[in-house]
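These notes concern the structure reproduced below.
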Amino acid sequence: MPYTVMPCRSRRPHRPGRPPRARPTPTRLLLTALLLFTAALGLGPLGAQRATAASNLVKNPGLEILDGPSQFPQCFEKSGWGDNDFSFTVTGDAHSGSRAVRIQLTRRGDGDRKTMMLENSCAPRVTPDHQYDLSFWYKSTTPNVAFTLFRHDTAQGWVYWTDLKTLPQSAAWTRTEVRTPVIPPNTDQITWGGALYGVGTLTTDDYAMTDATVLADPDPCTTGGTGPECRGRWTVQSTDSPVRAIHSVLLHTGKVLLIAGSGNDRDAFAAGTFKTSLFDPATGTYTAVPTPEDFFCAGHVQLPDGRVLVVGGNKDYASADGSVGYKGLRTSYIFDPAQNSYVRANDMLAGHWYPSATEMGNGDVIALGGLGEDSAGTVVNEHFSYAQNKWLPMGEAKQAWSFWGLYPSMILLQDGRLFYSGSHVFGGGLPGTGSSVYDYGAGTISEVPGLRRKDERDQSMSVLLPPAQDQRVLTMGGGNHTVSPDAHRLTDLIDMKAASPQYVAGPDLPQGRYADGSPQTGTQGKVYVSAVILPDGKVLETGGALHTYREDPVFEASLYDPATNVFQAGLATDPVPRTYHSSSTLLPDGRVLSIGNNPGDGSFDQRVSIYQPPYLFKGDRPQITSLASTRWTYGTAQRVTVDKPVVKASLIRPAAVTHSSDPNQRYVDLPMTVDGNTVDLSLTSNPNLAPPGWYMLSVVDANGVPSVSKWVRVGSEGQVAAARVQSFADELKVTDAGATSGTAGTNGMDDMSGMDGMAHGSAHRHHGVKMAEGYDGCDHAYGRINQCVPWTFPKTKQADRCAWLLAKGFGRLEVHGRDRHHLDRNKDGIACGKGDVRRS
């Protein structure tokens, strides 16, 4: 009978159903110490120790010493979780000596079983910032074996860390070795071993662990250094972008697709002048791409084969008087880098302006949110089938009938669900806590608590922090001028592996300076934040402005370190303001491209800046001198050679960013097996952690200097997410987001006409939602929620603007935020009041 255990993400030494261990007697402790000491000297019966056995940090590494009461190897335990039938046996079929441990699974519903070091003084001690080589010998009758790792956090206790490697089936004794990621702060011990998660047997023996850390050169930045090795360097390119780049997409060719559409230019829209340009960072040249429709404020995502799926766009601008908002396109196109051209896909179910698009673990794409063809917020989900190369029809595309806002940040989690982080564009946050987990397959939405100022996350940015295996998300900055005049500097951090995830406060964003040189003060932060994952595992945040109406740029940049939860402030800053419609993109050579700036006066700064991070000034770069394959299958080891020692490797998904939004951005850790300059990299078996497609592969040396990236394509055709994933967030309260009647719901839903894809007589006749304040592109600093003061007035004198509004039927308007149109001339809080109207 299997005993009851807790899931391995929170494994404890004592579990219900397990008898307590006998307390060792002084005699046994003395005998154990003597045996371990003699074994370390190579005098005991452990055998088969490495030449550097004295540095082995594992106690009883050969499993030869048994605990008296349990007759199981001392300092090791029977571990695991889930619904399965299993047995542990101490066997004489050993790699060396006389003992090994065999695990057998005869039935598996879920979970795993593993032999690991006890979570007490037996667990090897570690030092933060170091890395360790871990190894053991094994035989297995199944490939369903993972090298798994836990760590002891001095504040949180024992927590699951990561699966380091998937092990191939082996009938003969085989040695497996991996190098850990850098040990995080507050970690003092680790425990690890082989996890069996399929029917079959796994036998293990001769465990070893040594410190593999290579000491880096002293960091000059800790002693007051201010050179580029500490701050980096920005360079403004000599040639401007030929287009108003609203969207930036890095292709696997190394070129950057700059999509403008009409570029937020009504005249260009009226003339049907839509633009795209292909930028080559290697040569600094641009190539025009014919653009069939207005992709201004579309969604976009890379498909597994490297093509770019463009979702919707702009069907029409808001009316000049603000009575009608922007309208979304139903059409969709695919950009093919091989042909440098757009090809039309089939139409979507509804129009979408400002939608998000997230790739799933099987290569399909889920698109959510935005404005529909009638300028109302669409509640229609779109599902693009990669296998069928088309958008699915109603009935196949699953619906929750929920409005997700504009450019909602929807991040794919390791169990296949989508995490709405709370970052969005325009207006306040969604009802409830402002953050949630969406199970697309089940149609359920689970609220996630803790996000501070959830109604002030307009144009904030959320990042799945490196590595993706940690499942932590950082949301930074944001604002909402209808609630508060200034953007804030808050960041919030969430661990999505936790049983009940909730946001906790992160460190505040560093403060910068304004164009006149004056410093930010108090709680002043920024919107329009760009956040870029770098190959050294840190996150560059740059650009932004104080206000959500595109004024007062902030000059500030910093590096966030997920390992320490600290921002390194004081980096060099982009000399070009980067506010509305700006974006930043990691290039394959480790530099960062920044482009775009669209102030409230309608102008567009088309200068291009490139940032060289500090790591490019810290010595020679390691090189990947050979790559065994550029086609990687999940759960495999991939061999590379390098020209110097390296300490970590990663895959980074190329950017597809706009409006402080790139929900597909991620950094996937690649645990290493090192043999001189030959390195085997272990790719996760879970496509939800690394959705199929092209990635930038880089290695990093002990000084934190990355290589130039190599392009690899991850995922064979048709691969789907593996069953063995850690569960999380299951204890949250789940609410059914689907409607159950044929009438409009009570959560703000009303009719959205023109839905050709909706079957007549369907039980779900929900055609849209009433817009929340700020979501329709109007300036809601004035008046009631159903009033729409335009962003740009006709060519009239400033003093005549109230007369123009009055002629359109507007009356007195309460001022909610900054009076950017100067309609409240007497400063009484009422725009176009008695004292504000010009008298003839």
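Predicted, not measured: the structure shown is a model, and the values here were computed from it. Start at 1 with the first residue, then count along the sequence.
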side-chain contact (heavy atoms from CB on, under 4.5 Å) with F335: which of L303, I259, L309, L251? L251

Do the non-hydrogen side-chain atoms of V532 and Y611 ever get within less than 4.5 Å of each other? no

Which label fits H659 and H247: parallel for a plane angle under 30°, tilted from 30 to 60°, or perpendicular past 60°? tilted

Can you list the steps and then say if N677 with V679 is a side chain to side chain contact (heavy atoms under 4.5 Å, CB included)? CA-CA 6 Å; N677 285 347; V679 182; over 6 Å; no

Donor-acceptor contact present, side-chain Q189 to main-chain W158, <3.5 Å: no

What I want to check is whether the side chains of S500 and Q502 have a donor and an acceptor closer together than 3.5 Å. no

Any side-chain donor-acceptor pair under 3.5 Å between R578 and S594? no

Taking Y354 for the side chain and G405 for the main chain, is one N or O donor matched with an acceptor at less than 3.5 Å? no

Could you check if a side-chain atom of P614 sits within less than 4.5 angstrom of a side-chain atom of L559, using non-hydrogen atoms only? yes

Hey, is the main chain of G477 close enough, under 3.5 Å, to the side chain of R457 for a donor-acceptor pair? yes

With D188, which of D153, T154, V126 fulfils side-chain contact (heavy atoms from CB on, under 4.5 Å)? T154

Looking at every non-hydrogen atom in both residues, tell me the closest pair between T475 and S423 and how far apart they are. CG2-OG, 3.5 Å

Between N703 and D620, is there a donor-acceptor pair closer than 3.5 Å when you use the side chain of the first and the backbone of the second? no

Minimum heavy-atom separation for Y420 and P408, please, with both atom names. CE1-CB, 3.7 Å

Taken to the nearest 0.5 Å, the spacing of Y438 OH from L418 CG works out to 8.0 Å

Hey, what do you get for OG1 (T358) to CG (L413), rounding to the nearest 0.5 Å? 10.5 Å

Close side-chain approach of W161 and F150, heavy atoms under 4.5 Å: no

How long is the gap from CG on L670 to NZ on K165, to the nearest 0.5 Å? 12.5 Å

Pairwise side-chain contact, W404 with S356, heavy-atom cut-off 4.5 Å (strictly under): no

Donor-acceptor pair, side chain of Q302 and main chain of A655, under 3.5 angstrom: yes

Heavy-atom distance under 4.5 Å between the side chains of L412 and I366, does that happen here? no

Whether the R417 and S446 side chains hold a donor-acceptor pair (N or O, under 3.5 Å, no angle test) is what I'd like checked. no

With the side chain counted from C-beta on, respond yes when L593 and F279 share a heavy-atom pair under 4.5 Å apart, and no when they do not. yes

How close do L689 and R666 get, counting heavy atoms only, and between which atoms? O-NH1, 3.0 Å

Check each of R452, R472, K454 against D492 using the salt bridge (Lys or Arg N to Asp or Glu O under 4.0 Å) test, and report the only one that passes. R452

Whether the side chain of T491 engages the backbone of D508 through a donor-acceptor N/O pair (distance < 3.5 Å, no angle test) should be reported. no

Would the distance check show the side chain of Y634 and the main-chain N or O of A690 forming a donor-acceptor pair, the cut-off being under 3.5 Å? yes

How many angstroms lie between atom CZ of R179 and atom CG of D680, to the nearest 0.5 angstrom? 12.5 Å

Reported CD1-to-CG distance for the pair I494 and L464, which is rounded to 0.5 angstrom: 12.0 Å

Do NZ/NE/NH1/NH2 and the carboxylate oxygens of R489 and E556 come within less than 4.0 Å? no

For W694 and W711, take the angle between the two ring planes, folded into 0 to 90°, and tell me which bin it lands in: parallel under 30, tilted 30 to 60, perpendicular over 60. perpendicular

Evaluate the criterion side chain to side chain contact (heavy atoms under 4.5 Å, CB included) for residue pair V473 and I411; output intermediate values, then yes/no. CA-CA 9 Å; V473 175; I411 298 170; 4.0 Å; yes

Looking only at heavy atoms, what is the nearest atom pair of G543 and K526, with distance? O-NZ, 2.7 Å

Does the side chain to side chain contact (heavy atoms under 4.5 Å, CB included) test come out yes or no for T630 and K710, once each step is laid out? CA-CA 9 Å; T630 59; K710 300 284 188 180; over 6 Å; no

Is it the case that the side chains of S530 and T542 hold a donor-acceptor pair, with the cut-off being a distance below 3.5 Å and no angle test? no

Is there side-chain contact between I190 and M209, with at least one heavy-atom pair below 4.5 Å? yes

If you compare all heavy atoms of A649 against all heavy atoms of D669, which two are closest, and at what distance to 0.1 Å? O-OD1, 3.6 Å

I'd like to know if the side chain of T641 pairs up with that of S626 as donor and acceptor (distance under 3.5 Å, no hydrogens or angles considered). yes

Taking atom types as modelled and ignoring hydrogens, do the side chains of S698 and S707 form a donor-acceptor contact shorter than 3.5 angstrom? no

Interatomic spacing from CD in Q469 to CG in L149 - rounded to 0.5 Å: 11.5 Å

Indicate yes or no for a side-chain donor-acceptor contact from R621 to the backbone of P706 under 3.5 Å, with no hydrogens or angles considered. yes

L465/V539 under side chain to side chain contact (heavy atoms under 4.5 Å, CB included): CA gap, chis, key distance, verdict: CA-CA 8 Å; L465 292 173; V539 179; 4.1 Å; yes

Is the Y695-W632 ring centre distance short of 6.0 angstrom? no

Distance-only donor-acceptor check, side chains T684 and N686, under 3.5 Å: no

Where the side chain of D643 meets the backbone of Q623, is there a donor-acceptor pair that is under 3.5 Å apart? yes

Short N-O contact, D536 and K618, less than 4.0 angstrom: no

Would you say the side chain of V642 lies within less than 4.5 Å of the side chain of P622, judging by non-hydrogen atoms? no

Quick one: does any side-chain atom of S660 pair with a main-chain N or O of V529 as donor and acceptor, under 3.5 Å? yes

For the residue pair S661 / S409, report whether a side-chain donor-acceptor contact shorter than 3.5 Å exists. no

D129 atom CG: more than 12 heavy-atom contacts under 6.0 Å: no

Applying the side-chain contact (heavy atoms from CB on, under 4.5 Å) criterion to T673, which one of V178, T678, L681 satisfies it? V178

What are the two closest non-hydrogen atoms of S435 and F419, and how far apart are they? OG-CE1, 3.1 Å

